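So that the names make sense, note that chain A is the first sequence line, chain B the second, and so on, each numbered from 1. All values derive from a computational prediction rather than experimental measurement.
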Protein chains: 2
Amino acid sequence: MTKPQKIEELQHRAREVSGLLKTLSHQNRLLIACALTEGETGVSELEAETGVPQPHLSRELARLREAGLVSARRESKNVYYRLSDARLERLIEALCDAFGGRGKAAGRTRRRKTR
Amino acid sequence: MTKPQKIEELQHRAREVSGLLKTLSHQNRLLIACALTEGETGVSELEAETGVPQPHLSRELARLREAGLVSARRESKNVYYRLSDARLERLIEALCDAFGGRGKAAGRTRRRKTR
DNA sequence: TTTAATATATATCATTTATGTTAATAAACA
DNA sequence: TGTTTATTAACATAAATGATATATATTAAA
């Protein structure tokens with residue numbers, strides 16, 4: 001046997017991972033996901049940090065929710081989001097690593113959860 | 001100053017990286033890119049490894065070329081492709097890391113360039 | 001208990017872009 | 001010319017996107 005694994009399995013995994021990449025392959029969703037690696041964040045805070053207008057933000061958050069990548073928690077009037085897929089954190093850290101963005105890898109000086 | 005960097009710069013980088021992710025967020029292109037992390041590979045070899053029918057393969061290779069992620073070399077009748085963006089290698093290694101695919105991180109037992 | 005205010009979510013719609021399928025074309029060489 | 005290898009074209013369909021309007025939920029106030 002020349003192949004290291006069944007081609008179907010390879011294709012199956014490629015489909016899974018490419019689906020995840022597709023969810024992240026959008027400017028706003030990527031911004032959101034990056035912001036969330038810093039910890040749980042409220043929607044209005046996300047709006048301020050990413051500069052994404054609210055309806056867009058909300059829609060992209062919905063997509064991230066549907067993809068199972070984030071989850072939400074309501075606290076009175078506010079809704080707080082956080083990453084809910086450990087793979088995502090690793091992936092984003094790798095992205096920051098590779099592309100020199102902010103994030104833990106780059107050593108930032110910002111606090112979080114100061115509201 | 002509360003923000004660690006200008007929001008425009010953040011958005012700009014998000015757009016760049018999300019563009020790269022978009023190129024990879026397709027089952028066949030991801031398969032191709034993963035295969036190429038093993039080294040330069042001919043088209044027909046790619047076809048055998050990925051199970052992607054040849055015209056599709058060729059079209060996705062064209063897209064990867066347009067995105068500057070791969071480059072091609074012709075040798076008589078065959079065309080050999082290789083990754084041409086170092087970032088891509090790092091990214092794919094990170095993906096393999098995070099999602100437990102094949103690739104250097106997983107220690108495979110396959111030779112390359114055996115044609 | 002209506003009204004208002006704030007925060008978030010969803011809907012609508014026009015436009016663009018991606019996708020899959022299949023067919024045709026080109027390049028190299030025997 | 002014929003054969004192998006690879007690329008591009010054509011076209012229908014689906015999906016993503018952006019912009020904007022509207023709706024819902026929660027709390028406070030009248």
Handout entry: Closest-nucleotide ordering on DNA chain D, the 5'-leading residue of His56(B) and Glu60(A)
Key = His56(B)
Practice task
Considering just the side-chain nitrogens and oxygens of Ser44(B), establish if one lies under 4.0 Å of OP1 or OP2 belonging to dT4(D).
Solution key: no
Problem - Leu46(A) side chain reached by Val52(A) side chain, heavy atoms, under 4.5 Å - result: no
Exercise for the section: Please determine which of Arg65(B), Glu40(B), Glu45(B) meets the side chain to side chain donor-acceptor pair (under 3.5 Å) test together with Tyr81(B). Expected result: Arg65(B)
Practice task
For salt bridge (charged side-chain N to carboxylate O under 4.0 Å, His left out), just list the numbers for Arg13(A) and Glu16(A), CA-CA rounded to whole Å, side-chain angles, deciding distance to a tenth of an Å, and then say yes or no.
Solution key: CA-CA 5 Å; Arg13(A) 179 148 44 209; Glu16(A) 257 191 16; over 6 Å; no
Problem - Side-chain heavy-atom pair Val43(B), Asn78(B) within 4.5 angstrom cut-off - result: no
Completion exercise
Between CG of Asn78(A) and C1' of dA9(C) the distance, given in whole Å, is 14 Å
Exercise for the section: Whole angstrom is fine here: how far is it from CD in Glu47(A) over to C1' in dT8(C)? Expected result: 10 Å
Exercise for the section: Pick base, sugar-phosphate or nothing for Pro55(A), based on heavy-atom distances below 4.0 Å to the nucleic acid. Expected result: base
Problem - Arg65(B) vs dT8(D): side-chain N/O to OP1/OP2 distance below 4.0 Å - result: yes
Exercise for the section: Taking only the side-chain nitrogens and oxygens of His26(A), find out if one of them lies under 4.0 Å from OP1 or OP2 of dA15(D). Expected result: no
Practice task
Would you indicate which nucleotide in dT19(C), dA28(C), dT10(C) comes nearest to any side-chain atom of Lys22(A)?
Solution key: dT19(C)
Practice task
Could you state the atom-to-atom distance from CD1 of Ile32(A) to C1' of dA9(C) in whole Å?
Solution key: 13 Å
Practice task
Using a cut-off of strictly less than 4.0 Å, decide whether Ser58(A) has a side-chain nitrogen or oxygen near OP1 or OP2 of dA9(C).
Solution key: yes
Practice task
Find the distance Arg74(A):CZ to dT24(D):P and express it as a whole number of Å.
Solution key: 14 Å
Practice task
Could you tell me the separation between the CG atom of Leu57(B) and the P atom of dT5(D), rounded to a whole number of Å?
Solution key: 14 Å
Exercise for the section: Ignoring backbone atoms, establish whether Arg59(A) has a side-chain N or O less than 4.0 Å from OP1 or OP2 of dA16(D). Expected result: no
Practice task
Look at Tyr81(A) and dA9(C) and indicate whether a side-chain polar atom (N or O) is within less than 4.0 Å of OP1 or OP2.
Solution key: yes
Problem - Atom-to-atom span, CD of Glu66(A) to P of dA9(C) - whole angstrom - result: 12 Å
Handout entry: Lys/Arg N to Asp/Glu carboxylate O, Glu66(B) vs Arg63(B), below 4.0 Å
Key = no
Completion exercise
Rounded to whole Å, CZ of Arg63(A) lies from P of dT10(C) at a distance of 12 Å
Problem - N/O (side chain, Arg29(A)) to phosphate O (OP1/OP2, dT17(D)) under 4.0 Å - result: yes
Handout entry: Which nucleotide in dT10(C), dT22(C), dA28(C) has an atom nearest any side-chain atom of Lys77(B)
Key = dA28(C)
